[in-house]
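Structure record follows, encoded as structure tokens.
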Amino acid sequence: MSEEPSQQPDRPTRDATAPATAPEPEPGRGAGQGSGRGSGRGAGQPPGRRPRRTGWRRLVPTWRMTLGAVLFLALLLIGGFAAGYALVHIPPANATATAQSNVYLYEDGSQIARDGEVNRENVPLADVPLTVQRAVLAAEDRDFYSERAVDPQAMVRAAWNTLTGKGKQSGSTITQQYVKNYYLGQEQTLSRKWKEFFISVKLSREQSKNEILQGYLNTSYFGRNAYGVQAAAQAYYGKDIEDIDTAEGAYLASLLNAPSAFDTSLHPENRGAAVARWNYTLDGMVKEKWLDPAERAVLTFPEPLRARPAGGLSGQRGYVVQAVEDYLTGHRILDENTLAAGGYRITTTLERAKQNAFVRAVEDQVTSRLDPDRKADRNIRVGGASIDPATGRVLAMYGGVDYTRQYVNNATRRDYQVGSTFKPFVLAAAFENHSRTQDGRLITPDTIYDGTDRRTVQGWSGRPYSPENEDGHSYGPITVAEATDKSVNSVYAQMAMDVGPDRVKRTAIALGLPASTPDLTPSPSIALGPATASVLDMAEAYATLANHGRHGTYTIVAKVTKDGQEVPLPGRRSRQVIDREAADTTTAVLQSVVNGGTGTAALSAGRPAAGKTGTAEEDRAAWFAGYTPELATVVAVMGQDPDTGAQKPLYGALGLPRVNGGGAPARIWGQFTGMALEGEEIVEFRLWLGPNARDEPRTSPPPSPTGAASPPWPGRPSPAQSPPPTAPPPGPTTVGSPRPVDDQAATAGDGSGAGGDGGFGTEPGGDLSIGGLPDGGIGSIGVGAGAGSVGGVGGAGGVGGVGAGPEGPAGPLGAPVTPQATGP
């Protein structure tokens, strides 16, 4: 209680005309001493008044201020709630009940596909088995029957988790989710959440919990274009909801969390996550005492039926729609319910001509060669993707023979090993990190490794690892470049150990592989490609190499509009993830894989190309990943049982003992690339090569994968094409196409055996050139000092030497002669 202070006799009166003067202190009191009731207060502080707050105390609100603010906020909230409750009315059902189709377009605006109409059939709650109802509650909202319509605490917690980067969370009760599904929409806006809050409160006063649960079950999206639990039961198990058992009901309930992602038919690579969510649902039922533990223990995961897509999505159309939907929802541009409601016009980055070229290449190289009488041919699957390295735009994609016959998109699935197409990432990591061998030698394209079959990896502290080379072949001492040409496992496992498996993994992720790629484990075996990245993932990573080590995330969507309004899309971010010299030196090594290694079938593109073949364990998949300066493309041929979905080896497929990456995948790649770039000017690689890319040349021709004679090998880039080791690169250098014969001279041998090795180029240790059979080799001639070529095995030597037996003697420096064609 406050009282008016009594007037003091010594207190001066305030006169507007008199100057303000301080009262004199009473006798016997020093300055700053108070009198009477004023004692203890500051100097000159009138008695009865509170002292002024000084210093940091001025920043701290008083209890009166705090109480006032709380009361003000309380009144504001009460007023806002009252106003909201009065102004927000329960609207009619939203447009989802009459959802529109989405239209998908090529980059030129021509139509690819129009998705189907919404599949929905409402059922009363009594038709839904109690176990299914409880499974839904266990998965989504276990306190539904006891809680209020809204849960402010959960909403605040979800908002905080979203703001702090722990992922977007709704914090919604089933009532709120039903309101969102049936009355509003899926957009993440404050106005929508405001309306959702008040409609939920009003709805809970007008409808019972059972009515709300029934509405929720009939409006929720379960994937496969199925709205409502009845449509979902038919889509996933081919029966009515009343016939769904506990295990199946738990799976349907699990789908509500991530409808498409947990569809094990659509995304077999996510089966583990789907099973985990299914177990979470059943365990929740046990915890709530809705399911007996003994009954729970005997339940097994109920595999859903294969999807039956709409007929309008046949051919490549369905695969494109699926990939676009995955992109939009995966990048949080639109959520699944909003996208499924339809009405969107989606322009992709796909080019019609290139898309058709991919289909034609697969038809010519695989589909037309399938024999219905060959059992292995039933298992053939093909996936492909092509990206513009400069922009990250997906220009073409091949998902399978027909979406209505093979539902899984082979271009985006992540369940097949990439095999030796992973080895360039080890190579790039070695060059990027200036890695050294166990005995301290810098790793370069010409570093010698031991290529002995089943050689135990040195320096690995884990379980001894001794990888087998293909066909158990031992190569002995072999250069890194030759080991790349021949895909020598023992060399690359050791190189991965020398570089460091963790560094190899980081490099692969930096180039474009998702960090979540299954089996991307940092151990020496990482070099052999046990990781199960998708074709599209690998195309993105190889596009980074083609773009000189600069990575930009891919995109398959160019524009999205609805009702004339454009939906914002994420901008493309690009950054240098590995040094340009490291990327370009990797490209130089990969060129020889195409020019004379296991990937020579890719020469059919008629373009400068770099690439790598790969084969999965037990030959379950064969890959070719490669690029020209303007196009990065990956092709995989996979084996899968059409009835069980199990992965199968490709032995005997296409009438061949084995299907490897240098066969059908490389042929598809060559034909597609040639057609896709037809009419465009040939562009050479412009590379900055590190000083270590110009060491000793290889001394033997790479073997042909088919056992036939290899085409002339143009050799690796000459030393003159690399920047000096002590200075930064002066600029790009053109390399990669077959080198013209200028300072080299050639002559034909006349033997029937293998040709001799080439001699010296512009300096001792120059490049070599190999001819075909049955004629002898073509020896090269240069201006540097040194001996001529050495004769081949049993055949005629090149210039300067004669092959007289297993190895001809070295001759003197030969004289230039006119080049002439040799071999068949």
Side-chain angles (χ1 to χ4, degrees), residues 99 101-106 111-119 221-226 232 235-236 255 258-271 273-274 304-342 344-350 355 358-359 362 381-387 394-416 514 533-537 539-540 554-558 560 636 638 640 645:
S101 296
N102 292 318
V103 179
Y104 300 81
L105 309 170
Y106 285 112
Q111 182 171 309
I112 300 174
R114 181 185 295 271
D115 59 13
E117 297 179 356
V118 169
N119 175 22
Y221 183 61
F222 288 82
R224 296 194 183 184
N225 201 35
Y236 287 91
L255 290 167
S260 295
F262 288 165
D263 185 342
T264 57
S265 175
L266 178 64
H267 290 292
E269 71 276 11
N270 291 345
R271 189 179 187 280
L305 300 174
R306 288 196 302 166
R308 299 187 299 273
L313 299 180
S314 61
Q316 296 301 304
R317 292 189 289 272
Y319 300 122
V320 171
V321 169
Q322 182 191 110
V324 169
E325 289 180 351
D326 287 347
Y327 179 85
L328 292 173
T329 58
H331 287 76
R332 301 182 182 274
I333 299 168
L334 297 169
D335 65 72
E336 289 192 58
N337 285 280
T338 301
L339 185 60
Y344 290 94
R345 189 175 181 85
I346 303 165
T347 303
T348 71
T349 60
L350 300 176
Q355 187 73 9
F358 226 137
V359 174
V362 175
R381 303 288 184 272
V382 179
S386 187
I387 293 179
V394 180
L395 304 181
M397 184 182 69
Y398 185 89
V401 64
D402 189 327
Y403 186 70
T404 62
R405 293 163 52 193
Q406 296 177 6
Y407 186 55
V408 178
N409 189 336
N410 296 321
T412 58
R413 65 190 302 170
R414 292 191 176 112
D415 56 341
Y416 279 85
S534 73
V535 168
L536 190 55
D537 295 335
E540 182 177 348
Y554 85 92
T555 178
I556 197 172
V557 176
V560 179
M638 310 164 181
Q640 182 178 16

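- D326 CG to N409 CG: the interatomic distance, rounded to the nearest 0.5 Å, is 8.0 Å.
- Scored by the ring pair (Phe, Tyr, Trp, His ring centres under 6.0 Å) test, Y416 finds no partners at all (sequence neighbours excluded).
- Taking both residues in full, the closest heavy atoms of A323 and M397 are given as CB-CE, 3.7 Å, listed atom of the first, atom of the second, then distance.
- When the ring pair (Phe, Tyr, Trp, His ring centres under 6.0 Å) test is applied to Y327, the partners found at least two apart in sequence or on another chain are H331, Y554.
- Side-chain N or O atoms of Y403 include none that pairs as donor or acceptor with a backbone N or O of V408 at under 3.5 Å.
- Cation-pi geometry between R317 and Y104 is not met: the NZ or CZ atom fails to fall both under 6.0 Å from the ring centre and inside 45° of the normal.
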Practice prompt. Applying side chain to side chain contact (heavy atoms under 4.5 Å, CB included), run through V324 and V557 and close with a yes or a no.
Written response: CA-CA 7 Å; V324 169; V557 176; 3.9 Å; yes
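- To the nearest 0.5 Å, atom CG of residue L350 and atom CG of residue L395 are 8.0 Å apart.
- Summarising the geometry of F222 relative to P259, their closest heavy-atom pair is C-CB, 3.6 Å, with the distance given to 0.1 Å.
- In this structure the side chain of P304 reaches within 4.5 angstrom of the side chain of T264, judged on heavy atoms.
- Expressed to the nearest 0.5 Å, how far CD of E540 lies from CD1 of I387 amounts to 6.0 Å.
- Tested against Q316, the residues V321, V359, I112 include a single side-chain contact (heavy atoms from CB on, under 4.5 Å) partner, V359.
- With sequence neighbours left out, the ring pair (Phe, Tyr, Trp, His ring centres under 6.0 Å) criterion links Y398 to no other residue.
- In summary, the side chains of S260 and E325 do not present any donor paired with an acceptor at a separation below 3.5 Å, with no hydrogens or angles considered.
- Considering T338, L328, V103 in turn, T338 is the only one that fulfils the side-chain contact (heavy atoms from CB on, under 4.5 Å) rule with Y344.
- Although no hydrogens or angles enter the test, the distance criterion places no donor-acceptor pair under 3.5 Å between the side chain of D415 and the main chain of E269.
- Looking at heavy atoms from C-beta onward, T348 lies out of side-chain contact with Q355 at the 4.5 angstrom threshold.
- Counting only distance, with no hydrogens or angles, the side chain of T329 and the backbone of D335 share no donor-acceptor pair below 3.5 Å.
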Worksheet item: For D263 and Y236, what are the C-alpha separation, side-chain angles and deciding distance, and is it a side chain to side chain contact (heavy atoms under 4.5 Å, CB included)?
Response: CA-CA 9 Å; D263 185 342; Y236 287 91; 3.8 Å; yes
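- Contact record, N410 with G400: ND2-CA, 3.8 Å, taken as the closest heavy-atom pair.
- Between the CZ atom in R381 and the CZ atom in R413 there is a gap of 8.0 Å [rounded to 0.5 Å].
- Scanning all heavy atoms of the two residues, the minimum distance from S265 to R306 falls at OG-CA, 3.7 Å.
- The structure places CG of L339 at 7.5 Å from CG of D115, a figure rounded to the nearest 0.5 Å.
- Minimum interatomic distance between Q640 and G645 (heavy atoms only, all atoms of both residues): NE2-O, 3.1 Å.
- Of all non-hydrogen atoms in A113 and L313, the two that sit nearest each other are CB-CD2, 4.0 Å.
- Interatomic distance, CG of N102 versus CG of L334, reported as 8.5 Å (0.5 Å rounding).
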